Visitor: 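Before I ask anything, let me first share the structure, which is written out below as structure tokens.
Numbers restart at 1 for each chain; the letters A, B, ... are given by sequence-line order, proteins then strands. The structure presented is a predicted model; accordingly, all values stated were derived computationally and were not measured.
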Amino acid sequence: MNLVKKLVLGATALGMVATATAAVAFEPSKPVDFVIMAGKGGGADKMARLMQSIVEKEGLADKPLVPTNKSGGSGAEALTYMKGVNDPDHTIMVTLNSFFTTPLRQPGLKVDSMAFAPVGRMAEDTFLLWVHKDEGISTFQEFLAEAGKRGNKWVMGGTGKNSEDNIVTDHLNKAFGLDIKYIPYKGGGAVAKDLAGKQIQSSVNNPSEALGFYESGDVIPLVAFTNERLPLFPEVPTLNEIGIGEPFAYFMQRAVVGAPGMSDEAQAYYTELFTKVYASDDWQKYKKSKSLMGDFISGSDLEDYWATQIERHEKILKASGAIK
Amino acid sequence: MDIFAQFFDVLPALQQGIWVAVQPHNLALAVIGVIVGLFVGALPGLGSVNGVAILLPFTFVINEATPDPASPMIFLAAIYYGAMYGGAISSITLGIPGASTAVATTFDGRPMALQGNADRALVTAAIASFVGGTIATLFFTVFAPALSSVALDFGNPEIFALMLLAFATFIGLGGDDIPKTMFSIFFGLLLATVGFDTISGEPRLIFFNEREQTAVLEALGSTDAASSVPIFNSVGWFSRGIQFLVLAIGVYGIGEMLWTINESRYKVTMTETKISASRIMRGIVGMKDAWKGTAIGSLLGFFVGILPAAGATPGSLMSYGVSKMTSRDPKSYGQGNPDGVAAPEAANNSASTGAMLPMMTLGIPGSPTTAVLLAGMVIWGLEPGPRLFEDRPEFVWPLIGSFYISNIVAVLVNLAFIPLFLAVLRMPFTILAPVIFVLSIIGTYAAYDNMYDVWLMVLFGLGAYMLRILDYPLAPAVLAVVLGGTAEQKLRQSLLLSDGDFAIFYSPFFDRDGKGQEWWIAPITTWIAVILIALPIVVWGIRKMRGQTAADV
């Protein structure tokens, strides 16, 4: 299974090399500006620094990637910075779903997500519903009963307003007639800690954020918002398989993009670079241990994926009243 | 006695850990790390977080080259410690806090330097740091698993109450003019609200939309207000909010310097500083005058440090405030009291060790630096969290062992470098002042990679100069910017939780989760803070009514 995967990856990588050499080969002539659209220490930041270290450890590039955090305004700062760079061939960025939602919510930024160069999607992060073990709840049905009973005294913590976590919470409230109170936090780590300390009653953390307290037995996952069960949590059902309400799955993209205006040659170079990062043992190990899903996609496939995501987020944000 | 029993339980593991930490390669890493950290910390603008983040990729080399899983972390922890020691150096010699953790050190460290006692201030800072770091490491060794649950008990209302307490402890810092102090605090709080709001996700005070921009330009009398849009890049200027260092470097690096130049009328104001082994010895002996600040800093710093979202900066500020409050001679603070240097320095080292605790046992970073350390641990294949102590003793104990060793290394290295740092002060002021301006600009850019912040820093510097002439205290504004963001966020999260009912802060019987539990930590903290805030205002009011001036008392 793994071998097949590696062979496929190898073939993709070779294909990329072929296309890259067919065009006029691009090599960065100076260190590459590696923008992170989140603050230091968060999930996106950890992942970006892992990519950077893989590139360095395996000697994949002659010029280093230099990470810069631009965390202002849920990615607004990073997006406008990327739009305005004067050397798009040496500027790439690690993105999450604020890549779709922030331009939708802040039209004044005049940022078009589709104008960015689709370098490669490294993974899709997943969402699970977590509660503290002391709540005495072990199934999603029991959660619905208990949260329904406590009304707005049931508190969900999440990262940011109108963010991924907020979207999943809104869905739960709407689809199951709940009145869960959503409290925005600055980062997923703080949410995980407050759930472990019983300051809040539930969270929809990514596995990487909740894993520590899961392994210590403090928090338990009830349901996964994915299409199939996660290999890391084989006993946790998906919402779709429980079969109450409409089918619902939600992911967060972990993708690398090039600045708008990047040349095709440069884009091919970075796609090749990140194909190698994706195929590295370190990345595969990380992906598996943090329960990340999704294969590597790039080019027009990634653009198609973005188009569907933008459409979906526009619908979600309109439904919740975040945009008109 | 329980404590001793616990200590003896962990002793064999600790012994083993220290043994690993003093292996030549680990010792060498600690020494290099401390020296790097010392210089990174001493440069204004660069703090422990920059040092650790920049050298993170280097640790993969270490990881491959050494047999101990703890070696890369020993290196980064040494940088962290070194930077905490180093932060005091620019606070004392240049009067610019090298990092937010060293703001309180300028209050008395700078006056001491101006009085020709820079050597004594530096020695006091080094020794207090050593004591703080070592006491915290002892606590860490014995109580690590037990204390991690304390951090979990601090939810949003508790952290807000703690922030209130932090404000309360430094309400007296601005001097006797309470209205001016209040103005300064509120101005700082206002600056802290600039940027994108976490709770609503909306931009605030960033002149974001075209209508606002046009209105501002019209108010300024611009003629082409209606023309090209966007008129200026407000997102670039303000979207990150007003960063603490931008204000601190502006106030201390530009504002204070301009004021000093103006006051001295180009005369050399630096007093001569001599340095010799005997003066350093005298400084060490003189530590007995600063034991109280050291003790307060060590204990309070550690406790505040282990709370996520608090960290070393509030720890050092609160320690300074408490030390001043409990002093027999509070008026000597701000005039060069060694206790005023010892308290924040002991506290910031103690707090940085404390901040390692939630990072390692809960996977929650208590400060930006520990966030980067956390990222490092993940990349080396470690899973920080509740199981780390049980699962990876071969990592944990050598690291704890290295805390002891790094502290000893750091104090020795620091004392050895003091003559070098003092050489800075021997430069004529006409050379030093421009050097400080340049360092301020470079430091601001280095901290945030952004020219907008450099311009903001210069603007704040000029504004601070004006306010300084008008005799407004500026330290409270700087502190309000440091704590304002967290305080506001925690206040609003708590009020969301309570549906706007302030009882969540002052009543232990407020029902937070529909289960009728009692919550005591937040109310107790809040009431202490309220009393501390009310006291000086009441005293001031009574004096006013009696027609006395503050100076008479």
Visitor: Looking only at atom types and distance, does a side-chain atom of B:Gln493 sit under 3.5 Å from a main-chain N or O of A:Pro184, one as donor and one as acceptor?
Guide: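 Flag set: sc B:Gln493 to bb A:Pro184 pair under 3.5 Å.
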Visitor: Should B:Asp197 and A:Lys161 be marked as a salt bridge (charged side-chain N to carboxylate O under 4.0 Å, His left out) after you check the CA-CA gap, both sets of side-chain angles, and the distance that decides it?
Guide: CA-CA 9 Å; B:Asp197 172 28; A:Lys161 178 92 175 168; over 6 Å; no
Visitor: Under 4.5 Å between any side-chain heavy atoms of A:Glu77 and B:Phe238, yes or no?
Guide: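 The answer is no, as the side chains (C-beta and beyond) never meet within the 4.5 Å cut-off.
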Visitor: Given heavy-atom pairs under 4.5 angstrom as the criterion, report whether the side chain, backbone, both or neither of A:Lys290 touches chain B.
Guide: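 For A:Lys290, the side chain is the part near chain B, not the backbone.
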Visitor: Count the heavy-atom pairs under 4.5 Å between each of A:Ala190, A:Gly212, A:Ala192, A:Ser216 and chain B, then report the option with the highest count.
Guide: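 If we count pairs closer than 4.5 Å to chain B, A:Ser216 comes out on top.
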Visitor: By a 4.5 Å heavy-atom criterion (distance strictly below it), what part of A:Asp282 contacts chain B: side chain, backbone, both, or neither?
Guide: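 Looking at A:Asp282, nothing touches chain B.
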Visitor: Measure A:Tyr81 against the heavy atoms of chain B and call it side chain, backbone, both or neither at under 4.5 Å.
Guide: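 Contact with chain B: none, neither part.
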Visitor: Counting only heavy atoms closer than 4.5 Å, note whether B:Asp391 contacts chain A via side chain, backbone, both or neither.
Guide: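 Neither; nothing under 4.5 Å.
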Visitor: Could you report the tightest heavy-atom contact between B:Leu496 and A:Tyr182, atom names first, then the distance?
Guide: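 For B:Leu496 and A:Tyr182, the tightest heavy-atom pair comes out as CD1-O, 4.4 Å.
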Visitor: Search all heavy atoms of A:Lys193 against all heavy atoms of B:Leu152 and return the closest pair with its distance.
Guide: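 Nearest pair, atom of A:Lys193 first, then B:Leu152: O-CD2, 3.4 Å.
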Visitor: For residues 52-65 of chain A, give me every residue with a non-hydrogen atom less than 4.5 Å from any non-hydrogen atom of chain B.
Guide: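 A:Gln52, A:Ser53, A:Glu56, A:Lys57 fall under the 4.5 Å cut-off.
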Visitor: Do any N or O atoms from the side chain of A:Gln199 and from the backbone of B:Asp153 form a donor-acceptor pair under 3.5 angstrom?
Guide: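 Looks like yes, one N/O pair under 3.5 Å.
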